[in-house]
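Beneath this line is the structure, given in structure tokens, with notes to follow.
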2 protein chains.
Amino acid sequence: MALSHAIMTALLEEDLSGYDLAKKFDMSLGFFWQASHQQIYQELKKMLERGWLSPDTVEQAGKPNKILYALTSEGKAALDDWVVSETKSRSAKEDLYVKLYNIGHCDPEPLIGEIADRQLQCQRQLELYLKIKDRHYGEPETLAINRKGIYLALSAGIRQQQMHIEWCDEALELLGAIA
Amino acid sequence: MALSHAIMTALLEEDLSGYDLAKKFDMSLGFFWQASHQQIYQELKKMLERGWLSPDTVEQAGKPNKILYALTSEGKAALDDWVVSETKSRSAKEDLYVKLYNIGHCDPEPLIGEIADRQLQCQRQLELYLKIKDRHYGEPETLAINRKGIYLALSAGIRQQQMHIEWCDEALELLGAIA
DNA sequence: ATATAATATGCATAAAGTTGCATAGTCAAA
DNA sequence: TTTGACTATGCAACTTTATGCATATTATAT
């Protein structure tokens, strides 16, 4: 019952099709929540049944028809309820850390390689986040309340990447990939 | 196909029962992987069918009988295969950050309260991690390779808690809970 | 002409995870 | 003596997430 809320959050700004949502979950919102198009279409179906969305088929020139979804007042109410409800923490699951427990009896090279790859990915992601921050969230204190919220999510993303890059440094050094 | 590998990782050190595993997933290994006892018993059943474990019923004085599970060579091989295989990254899913996108049209107090609670939890967790580090992983460079791996997982946990505590500070200040 | 990429939606199945329920023995405290 | 806590295992139903397959239109490049 959480993908639906992420979808509704995206629909707050503007009406979107399943395809649009899939793209959005690949970018921006997707920094903190990911979903495949299959999952999105399934969830949209359920949300329609619950009356949280209203569909609108749009004919397009040069493209297949699409179905735009808009939040209904019931959907809005469900979203508001969720936001102020208790956040159940998902149990942190990190394959890489569990794998590290096994490094003594396996070839460590593949793991070291993965850590190096990750560091590069994090660096790219961090650059993107920093660009967004500079362009749109330069002075957080002056933002309206809703933009402050989005800024904080972005800030969490930035901190996460930075933290992880530093950890990769430590790991690569300790495992002898550098030294 | 990952809980099974976390279970086998725990069984590397010593034979354990489902109950033991549930406790372990509530501590130590559980810092990076969590599972309920129901899930563990289900998974153990599947792993037996696959021949990854061998069971051994142990009668106990003053306690119900328990079933100790040991890794078979097939299990060990499956674990080794997994460790050197590509790590598929789980999509980061953080309800709290998605909720932050909605802070403009809801009462912000519940969210602020949750951030404050989280910060306290993180502080407690961090203290625990630091204690473990001081006691068992004081000089990481001098550790054997397998203990280096465990240390790195611990280090990731420490960095994560520290990072999150700092973020909570920023969030609470920006949302006016302090200032 | 034909292949490829982008747009657009969906079904079926499987794996993973959650929640509620059920059972049963031992021990200590009230 | 009964209540609660700890040890110990498990089923059933459900939700959530993932994976593979399937289809159809249009635009662009070869």
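For A:R90 and D:dT17, the shortest distance from a side-chain N or O to OP1 or OP2 is below 4.0 Å. Side-chain nitrogen and oxygen atoms of A:K45 include at least one within less than 4.0 Å of the OP1 or OP2 phosphate oxygen of C:dC11. Close to D:dG10, at under 4.0 Å from its OP1 or OP2, lies no side-chain N or O of B:Y41.
The listed nucleotides are D:dT19, C:dT7, C:dG17; the one nearest the side chain of A:K23 is C:dT7. With distances taken from any side-chain atom of B:I67 to the nucleotides D:dT17, D:dG10, C:dT18, the minimum falls on D:dG10. When distances run from any side-chain atom of B:Q42 to the nucleotides C:dT9, D:dA12, D:dG10, the shortest one goes to D:dA12.
Aromatic ring centroids of A:Y97 and A:W167 lie under 6.0 Å apart.
Using a 3.5 Å distance cut-off with no hydrogens or angles, the side chains of B:H105 and A:N146 do not pair a donor with an acceptor.
B:K46 comes within contact range of no nucleotide atom at all, as no heavy-atom separation falls under 4.0 Å.
In this structure, A:R90 pairs ionically with B:D95, as a charged nitrogen and a carboxylate oxygen lie closer than 4.0 Å.
For A:Q38 against D:dG20, a side-chain N or O and a base N or O form a donor-acceptor pair under 3.5 Å.
DNA chain C lies under 4.0 Å from at least one heavy atom of each of the following residues of residues 54-65 of chain A: A:Q60, A:K63, A:P64, A:N65.
With contacts defined as side-chain heavy-atom distances shorter than 4.5 Å, the pair B:K46/B:W52 does not qualify.
Judged by distance alone, with hydrogens and angles left aside, the side-chain atoms of A:Q125 form no donor-acceptor pair with the main-chain N or O of A:Q161 at under 3.5 Å.
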